[in-house]
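Below: the structure, in structure tokens.
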Amino acid sequence: MNAHESALLEDLNPPQREAVLHIGGPLLVLSGAGSGKTRVITRRVAYLVKVHEVFPWRILAVTFTNKAAREMRERLVQLLGRQANDLVVSTFHSAAAMILRREAEHVGLTRSFVIYDDGDQLNVVKRAMREAGLEQSMQPRDILSRIDQEKNAARLPEDMEVEPGDERGMLVRKVYHAYQERLRAANAVDFGDLLLLLVSLFRKRPEVLENYRRRFHHVLVDEFQDTNPVQYALLKQLAPPPSANLVVVGDDDQSIYRWRGADVDNILNFPRQYPGAKVVKLEQNYRSDRNILDAAYEVIRKNTRRMDKKLWSDRPAGQTLQLMLNRDERMEAQEVARQILALQREGFIKFSSMAVFYRVNAQSRVLEEGLRLARVPYTLVSGRSFYDRAEVRDASAYLRLMVNPRSDADLLRIINTPARGIGDTTVERVTDYANTQAKSLYEVLSEPERVPALNSTAVKRLRTFHGLLKSLHDFAQGTTDAASAVDEMLRETKLVETLVAEGSDESNTRAENLREFLGAAQEFDLNRAAAAVAAASQPREEVPPEVDAAPLSADTPPLQAFLEQISLVGDADAEVGEGRVALMTLHAAKGLEFDAVFLTGLEDGVFPHSRALKGEDPDNGEEMAEERRLCYVGFTRARKRLFVSLAQCRSLFGELRYNPPSRFLRDVPPALFGISEQDVPEPPRAVATPPRKRTWDDDDGPRIDRSYSQASDMESVSGDVRGMRVRHEQFGVGRIVATDGTGPNAKVTVEFGGAVGLKRVIARFLMPG
DNA sequence: TTATAGAATTTTTTT
DNA sequence: AATTCTATAA
């Protein structure tokens, strides 16, 4: 055993060692929460490089989130120094984007393709539907989510299976088809395409796949329980069964992305897919005190269909969990802030090792306010808020057009931003003409006089606009860094200028955001320059002639690389925040750990989310199982202190709701909270007049679940109401034709007759008539 | 064409 | 509650 080897195996337990040392063939590491899996992955990579002398560029390590990828990279830099530069460590999506860019020509794209986000996607769907005259048929959003599902399942439009009588399915397929055509015409892809197009390219052109197989001899996947079928298909292509060196690490109890197509069966069936795979279980938890671990176990054990395992720990029992009962969400925020300050003062826990979790983003606002009032420093860890601001998205749209003028979605976004007198009618005429000619909008704009029915002012304005885009495009061709492109774009488009001229507080903040955007580009350029220097100064190993060992993103032009970072990475890593409490959703919390964790909104309807609550057997459904796993993830983030908080009433989405305590709380034995049975909070009783103050054990008669009710004449749709006569404030009297959904937002389609015709309205707004 | 007001609609979680 | 859509006036 040489020095490297012993250093790398230092303080690993026997199964961890086994996982690091395994060589030759597939390996499944089942790693419970806090069992040191990141350590295992990084040590293993280092071991391959240092002891087995595997070239770093032969190793591909993928994760799901940017945060995880970055963290893994950092640790590998610590272990391997500059050798770590040649490793490919990234998320599925950015690895796929890099490969797809190199192979773009094979799939009908050019290297400068742009990546559409869900807003762009929705616009494309809407336009495709309008073009095909299918507007009334289905909600664009529903169609889009069906399309995404298909993509997650690795199915192109032609692979979609539709039952003969399934009209909606046929419709989805039709729109999916048109949607794909539009994306290709715009030289654009969506998130799903990044993976799907690559998988189908590899299917069609084995020789292209072969290049990557020859290169990547070692593939590692973190959070494998969250892979969806496309991702798994890609893995199987790159590291084919039965004998490839594929290492997958995951925990079926932490699978929380089913809604994105993730399939827990991928991990459960891995040994069948890769017969002979070695299986290692990591069951010792090093993170949480035992009270926390026990509570987490009591929650997760309610799930059937899980690999049987129980984490153990030789850590002390530690403090009990703490239950926080609050009157409403404001008090919850205030109490959280108070406890945080107390912990910092008396518990000697740093702000930076505390976190507040919530189920839905909408909860963050009040929590922020509470922390701000109490002067608790915090950072909101929200995926990509900065790049989601309207003005920043406008700026990105211009940048994308600079790189890829064919991108119709981007062009439509900014054609009249800032206002340049090109209105809806003109735009409609231009798009109609573009559709009939099968040309991109940019192309049509180069000869606007050909568009029928345009007046001369419109033609002139379009020509000016085209001139602007053209000169920006030309500028981008010659530029060598992102910042100068952004700078040029901001100047030429007068985006900042117009905002400043407006003079309102709001427009000033927006202008400020655009300056910050320029700052982000400058920072990007600096990082890139530094990386280039590091790569150049590095001695290159012998590379066999038939293998392409270049970094995957080797010759992506800077502006394009910057745009890719915006699309795929967001600004999550902007400020991790030294000395600040972290605020995030439970999903964002996966993979992290903190000394003290506050889990808020433990109420049925909030967490578990109301959508998991409905259905036949809400306690057994897959959705509820996923909520439960989410709860498990939340609990197991905590090292020493876990605070669980709920509010008796909370206004969420504009309505006041009285939610019963979360069912997950009932699963935790009261002793773990340091309380006895009789102090367990009861579900609150119904309240007729909301603002009245009351305590938890007030009792006033029969329990009515008011959580969903709203004052109205038809507050819910129940039974068959078709044919019923109804009156609408605006549309008058009509008859119900069809219903959609139940509860407060149930919709019905009503035939109003006369000029009004069919309308879909919320049942709440109708009166029997 | 633009600005504005009022109405409708929306909301889980993220790459 | 906040955002997005639609109708109407300017």
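The shown structure was predicted, so the numbers you read here are calculated from the model rather than taken from an experiment. Chain letters run A, B, ... following the sequence lines, proteins first and then strands; every chain starts at 1.
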Identify the pairs formed between an N or O of the protein and an N or O of nucleotides 2-5 of chain C at a distance under 3.5 Å, and give each distance.
{"residue": "C:dC5", "atom": "OP1", "partner": "A:Lys126", "partner atom": "NZ", "Å": "3.4"}

Within the sub-3.5 Å range, which N or O atoms of nucleotides 8-10 of chain C have a protein N or O partner, and how far apart are they?
none

Is there any protein nitrogen or oxygen under 3.5 Å from a nitrogen or oxygen in nucleotides 2-4 of chain B, and what are the pairs?
{"residue": "B:dT2", "atom": "OP1", "partner": "A:Gly421", "partner atom": "N", "Å": "2.9"}
{"residue": "B:dT2", "atom": "OP2", "partner": "A:Asn416", "partner atom": "ND2", "Å": "2.9"}

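Legend: residues meeting side-chain hydrogen bond (donor to acceptor under 3.5 Å, both in side chains) with A:Ser507, ordered by chain and number and at least two apart, are A:Ser504. Applying the side chain to side chain contact (heavy atoms under 4.5 Å, CB included) criterion to A:Arg393, with sequence neighbours excluded, gives A:Asp117, A:Asp120, A:Asp388, A:Arg413. Every residue meeting the ring pair (Phe, Tyr, Trp, His ring centres under 6.0 Å) condition with A:Phe202, not counting sequence neighbours, appears here in chain and number order: A:Tyr212. Shown here are the side chain to side chain contact (heavy atoms under 4.5 Å, CB included) partners of A:Asp148, two or more places apart in sequence or in another chain: A:Gln121, A:Leu144. A:Phe113 meets the ring pair (Phe, Tyr, Trp, His ring centres under 6.0 Å) test with no other residue; sequence neighbours excluded. Scanning for ring pair (Phe, Tyr, Trp, His ring centres under 6.0 Å) contacts around A:Phe465 gives an empty result, with sequence neighbours left out. For A:Phe664, the ring pair (Phe, Tyr, Trp, His ring centres under 6.0 Å) partners at least two apart in sequence or on another chain are A:Phe607. Under the salt bridge (charged side-chain N to carboxylate O under 4.0 Å, His left out) criterion, A:Arg637 pairs with no residue at all, not counting sequence neighbours.
Dashed line: the shortest gap from a side-chain N or O of A:Thr585 to OP1 or OP2 of B:dT14 is under 4.0 Å. For A:Asn361 and B:dT11, the shortest distance from a side-chain N or O to OP1 or OP2 is not below 4.0 Å.
Under the side-chain hydrogen bond (donor to acceptor under 3.5 Å, both in side chains) criterion, the residue pairs touching residues 418-428 of chain A are A:Tyr398-A:Arg420, with sequence neighbours excluded.
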